[in-house]
Amino acid sequence: MAERHAVDIIIAKRDGLELDRQTIRTLVAAYSRGDVPDYQMSAFLMAAFLQGMSSEETYALTDAMLASGQRIDLSHVPGRKVGKHSTGGVGDKVSLVLAPIVAACGVPVPKISGRGLGFTGGTLDKLESIPGLHTGMSADAYCRQVAEVGLVIAGQTAEIAPADKALYALRDVTGTVDFIPFIASSIMSKKLAEGIDALVLDVKCGRGAFMKEEADARQLAETLVGIGERMQTETVAWVTRMDAPLGRAAGNWPEIVEAVRCLQGDDVADLMEVVYTLAGDMLVLGRQAQTRQEGTAMAREAVATGRALDAFIRMVDRQGGDARTLDRPNERPGYEPAGSVNAVHAGYVASVDAGAVGHAVARMGAGRRQKDEEVDPLAGVVLNKKPGDAVAKDETLAWLYTHRVDALDSFRDAIGDAYRIQDDETAPPSTLVVDRFAGTEWQRGS
């Protein structure tokens, strides 16, 4: 593409014109080839950000980014392959529990995940805190694992939506990340490349989510589902709350410990509510259950019988992880609290700010400020008290795991400040599950 042609496209978008599918595909393809320089694509991104994009343009951008790379073919694997994606949150280890449950119920689950950046943890970082486990694999190895194990959680290869990877890096430095058409096309271009037949989405809203407002989460859910349906992929989205950390652990190994315990049958109420809600839909989409209620019952049985934990261990073993560390995960060498946060007065926990916890956990070593920064696999927080719990003076609110002991006091302050304790008894939210969107309709709750 000549640079002059790119200028014409930028001007058209700057002036608020709607671009057709071929124009967007041509622009993205040219950028991927290096024919359009970063400064011109940056101008296009800002023009689209300021003028907005129609649903047709958003679909066209998704299609163009998907077409820039490989779309994995799992048609040789029996059954309907069902994917899952979360928009991210603090303590969000849902995939680590949900994917093995669904796989244990007979639905193949192929999943390409990402790493943590900022205050939200990444599934790959959590998995790679298991000694020896690797998430980088070729497309052939990915396909073999789905066929033979029924479950894979891997990283994005260079062949999967390379245009998205390049555009995301550009968005990150041009102030155009927080734009629903870009967010939706980025998510869906990767998910649709996984080889799935259907998809369940967990769109989070609240203090610990990228979408702070429920209205924005709803708009994103509608956009994601619309793209999936246009791409002939049956797609369902749930909006769930992320005001407090999900479960009790936030970090990498701390979340693995909690995920294993849940697969062993521990009832971490808020976490398992989300897991079982999503499992019901995944099992219906995978044709293993007739109703969501039946799917939820099947998921509970998979946990109770140990089949879900077995599926997780098979995946860990296949991906090179030392499954023996999961037998007694709390006894892993070096995994000891560096300190605690104690209540300064008695009362009841009114709230725990997930965003504040997430930022603190990242500074403790569990997150990264830049994409290539190393993370501490053992760093994190385990909450001893959650919203609604009674607290005595000097009682432990949270345990801190970090090797950055020189900053321990600042971590204590940050986690302590995330807690709001009041004198009057308070109840936690009755449910984290807000609403479900499928087709063109919203349905209330679970």
Cation-pi check, Arg436 onto Trp442 ring (under 6.0 Å, within 45° of axis): no
Test item: side-chain donor near acceptor, Thr396 and Asn342, under 3.5 Å: yes
Spacing of Leu61 atom CG and Phe182 atom CZ [to the nearest 0.5 Å]: 6.5 Å
Between CG on residue Asp92 and CE on residue Met242, distance to nearest 0.5 Å: 5.5 Å
Separation between CG of Asp125 and CD1 of Ile256, rounded to the nearest 0.5 Å: 10.5 Å
Worked check of salt bridge (Lys or Arg N to Asp or Glu O under 4.0 Å) between Glu395 and Lys385: CA-CA 9 Å; Glu395 190 174 6; Lys385 296 293 181 177; 3.1 Å; yes
Reported OG-to-NZ distance for the pair Ser113 and Lys126, which is rounded to 0.5 angstrom: 9.5 Å
NZ/NE/NH1/NH2 to OD/OE distance under 4.0 Å, Asp202 and Lys204: yes
Glu214 bridged to Arg241 by N-O distance under 4.0 Å: yes
Check ion pair Glu258-Lys93 (N to O, under 4.0 angstrom): yes
Ring geometry between Phe179 and Phe49 (parallel below 30°, tilted from 30 to 60°, perpendicular above 60°): tilted
CD (Glu213) with more than 12 external heavy atoms under 6.0 Å: no
Check against salt bridge (Lys or Arg N to Asp or Glu O under 4.0 Å), Asp270 and Lys386: CA-CA 10 Å; Asp270 58 346; Lys386 293 268 287 180; 2.8 Å; yes
With Asp38 via side-chain hydrogen bond (donor to acceptor under 3.5 Å, both in side chains) - residues at least two apart: Tyr31
Donor-acceptor side-chain pairing of Arg307 and Thr305 below 3.5 angstrom: yes
Donor-acceptor pair between Gln145 and Gln319 side chains, under 3.5 angstrom: yes
Pi-cation contact, Tyr276 with Arg300 (under 6.0 Å, within 45°): yes
No-hydrogen, no-angle side-chain donor-acceptor test under 3.5 Å, Glu229 and Thr235: no
Trp238-Asp281 side chain donor-acceptor pair, cut-off 3.5 Å: yes
Spacing of CG belonging to Leu378 relative to CG belonging to Asn252, to within rounding of 0.5 Å: 9.0 Å
Test: Arg412 and Asp409 ion pair at under 4.0 Å: yes
Salt-bridge contact Glu194-Arg71 (side-chain N to carboxylate O under 4.0 Å): no
